[in-house]
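These figures come from a predicted structure and were not determined experimentally. These values consider heavy atoms only, across backbone and side chains, with no hydrogens, waters or symmetry-generated copies.
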Amino acid sequence: MKNRRTNAAIAAILTLLSAVYILAACSKKEEEGDYKKEINTQEIATALSQKTPTASAWINEDQYFIEEYVDIPDYIKESSIYYAKNTNDLDEFGIFLVEEGKEKATRLLLLQGYLQKRYTENQEWYNSYMPTETPKLRDAEVRIYGNCVVYAVLSSEQRTAFFAECEKLLKEQK
């Protein structure tokens with residue numbers, strides 16, 4: 001009986017270590033994948049805006065568009081943000097080129113700073129005037145592609161297509 005418990009404990013520890021190793025490998029791949037190191041965020045954002053339909057035209061902004069919610073750190077080298085011209089449409093995305101090693105900090109800045117604050121501060125208003133748009137902001141997503149950080153405030157279907165296109169545009173060609 002004691003031998004079974006020992007074997008079960010060893011098996012559980014090995015399984016746990018294997019899971020941690022696999023998760024670490026997956027996380028590392030996302031952050032260090034074969035993505036372009038230097039990009040022009042404006043060119044990438046323009047290409048994405050042409051492939052991501054919205055109810056109205058897109059308007060192009062720079063990183064200072066989000067300064068109402070967060071301070072922009074110096075490690076963000078370049079950015080481009082697009083949002084829907086129609087004020088009844090919350091469609092929006094942004095691309096940030098950051099210093100290497102600052103990707104996770106930028107993801108956190110966007111998730112917990114800009115997107116979360118924007119959602120919590122405006123949720124009541126959005127729910128009363130445009131309830132079908134609120135889930136876009138609530139479910140906004142931020143992804144890392146090398147030293148490029150991208151966020152999207154889009155419908156679920158649009159987000160899936162949007163990030164697939166990001167992958168194509170930002171993947172290093174071999």
Side-chain angles (χ1 to χ4, degrees), residues 20-52 54 57-85 89-123 126 133-156 158-174:
V20 168
Y21 178 77
I22 290 169
L23 289 173
C26 291
S27 174
K28 190 172 183 177
K29 183 180 180 196
E30 177 194 35
E31 295 166 8
E32 297 179 9
D34 295 328
Y35 296 105
K36 297 174 183 174
K37 295 274 187 213
E38 292 298 321
I39 61 160
N40 180 314
T41 59
Q42 181 57 51
E43 287 176 9
I44 300 290
T46 299
L48 288 166
S49 71
Q50 293 168 356
K51 295 184 183 240
T52 308
T54 189
W58 287 109
I59 295 176
N60 182 21
E61 283 287 347
D62 60 19
Q63 65 197 23
Y64 303 106
F65 174 75
I66 67 174
E67 278 195 328
E68 179 180 338
Y69 297 94
V70 294
D71 292 325
I72 303 301
D74 291 340
Y75 59 74
I76 294 179
K77 298 196 240 178
E78 179 183 328
S79 69
S80 189
I81 296 171
Y82 274 70
Y83 66 94
K85 184 176 184 179
D89 188 344
L90 293 180
D91 290 351
E92 177 183 334
F93 67 87
I95 301 171
F96 296 81
L97 181 63
V98 300
E99 291 176 10
E100 287 188 52
K102 297 295 184 179
E103 299 86 359
K104 287 183 181 179
T106 305
R107 174 190 251 169
L108 198 61
L109 170 82
L110 291 170
L111 278 173
Q112 292 184 345
Y114 174 58
L115 296 170
Q116 183 179 14
K117 282 182 185 177
R118 184 167 164 221
Y119 177 71
T120 56
E121 289 177 14
N122 299 299
Q123 180 182 5
Y126 290 148
E133 292 293 301
T134 308
K136 291 178 183 180
L137 187 55
R138 180 195 64 218
D139 301 334
E141 194 172 336
V142 181
R143 293 192 185 178
I144 297 173
Y145 300 92
N147 61 335
C148 185
V149 181
V150 182
Y151 78 89
V153 178
L154 299 165
S155 70
S156 179
Q158 286 176 310
R159 258 193 338 270
T160 300
F162 174 83
F163 284 121
E165 194 60 35
C166 282
E167 181 75 22
K168 286 181 203 172
L169 292 169
L170 296 171
K171 194 80 169 166
E172 190 69 61
Q173 301 300 318
K174 290 186 175 190

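- Put simply, the side chain of Gln158 gets close to the backbone of Ser155: a donor and an acceptor are under 3.5 Å apart.
- Of the candidates Trp58, Phe65, Tyr151, Tyr83 forms a ring pair (Phe, Tyr, Trp, His ring centres under 6.0 Å) with just one, namely Phe65.
- Side-chain atoms of Val98 and Cys148, non-hydrogen and from C-beta on, never get closer than 4.5 Å to each other.
- In terms of heavy atoms, Lys102 sits closest to Thr106 at O-OG1, 2.8 Å.
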side-chain contact (heavy atoms from CB on, under 4.5 Å) between Val149 and Ile95, intermediate numbers included: CA-CA 6 Å; Val149 181; Ile95 301 171; over 6 Å; no

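- Side-chain contact check for Ser156 and Asp139: no donor-acceptor pair (N or O, by modelled atom type) lies under 3.5 Å.
- For Ala84, the side-chain contact (heavy atoms from CB on, under 4.5 Å) partners at least two apart in sequence or on another chain are Thr54, Ser56, Asp89, Asp91.
- You'll find the side chain of Leu97 stays beyond 4.5 Å of the side chain of Ile76, heavy atoms only.
- A salt bridge is absent between Glu121 and Lys117: the closest approach of a Lys/Arg side-chain nitrogen to an acidic carboxylate oxygen does not fall below 4.0 angstrom.
- Arg138 forms no cation-pi arrangement with Tyr119, by the criterion of a distance under 6.0 Å to the ring centre and an angle within 45° of the ring axis.
- Of the inter-residue distances, the one linking Glu165 atom CD with Leu170 atom CG reads 9.5 Å to the nearest 0.5 angstrom.
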Stepwise side-chain contact (heavy atoms from CB on, under 4.5 Å) check, Lys136 with Leu154: CA-CA 5 Å; Lys136 291 178 183 180; Leu154 299 165; 5.7 Å; no

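- The distance from the OG atom of Ser79 to the CD1 atom of Ile66 is 7.5 Å, given to the nearest 0.5 Å.
- Listed for the Glu78 side chain is a donor-acceptor partner under 3.5 Å among the backbone atoms of Thr41.
- Look at Lys77 and Glu38 and you find a salt bridge, because one of the NZ, NE, NH1 or NH2 atoms lies within 4.0 Å of a carboxylate O, short of that distance.
- Between the side chains of Glu103 and Tyr145, no donor-acceptor pair is found at a separation under 3.5 Å.
- Phe93 contributes atom CZ, which lies 5.0 Å from atom CG of Leu48 (distance to the nearest 0.5 angstrom).
- The side-chain tip of Lys51 does not point at the ring of Phe162 from less than 6.0 angstrom away and within 45° of straight on.
- With values rounded to the nearest 0.5 angstrom, Arg143 atom CZ is found 8.5 Å from Glu167 atom CD.
- Atoms CD and CZ, on Gln112 and Arg107 in that order, are 11.5 Å from each other to the nearest 0.5 Å.
- Using a 4.5 Å heavy-atom threshold, the side chains of Val150 and Phe96 count as separate.
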Compile the donor-acceptor pairs under 3.5 Å between side chains in residues 67-74 and protein atoms, sequence neighbours left out, one pair per line.
unit_1 : atom_1 : unit_2 : atom_2 : d
Tyr69  : OH     : Asn122 : ND2    : 3.0

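- Glu141 has a carboxylate O that lies under 4.0 Å from a charged side-chain N of Arg159, or vice versa, which qualifies the two as a salt bridge.
- A donor-acceptor pair shorter than 3.5 Å cannot be found between the side chains of Glu43 and Thr46.
- Counting heavy atoms from C-beta on, the side chains of Glu61 and Tyr82 never come closer than 4.5 Å.
- By the 4.5 Å heavy-atom criterion applied to side chains, Leu90 and Tyr126 are counted as neighbours.
- Residues Glu92 and Arg118 approach most closely at OE1-NH1, 2.5 Å, considering heavy atoms.
- In this structure a side-chain-to-backbone donor-acceptor pair under 3.5 Å is present from Asn147 to Lys37.
- Between the side chains of Asn60 and Gln42, at least one donor N or O sits under 3.5 Å from an acceptor N or O.
- Shortest non-hydrogen contact noted between Leu115 and Ala140 is CD1-CB, 3.9 Å.
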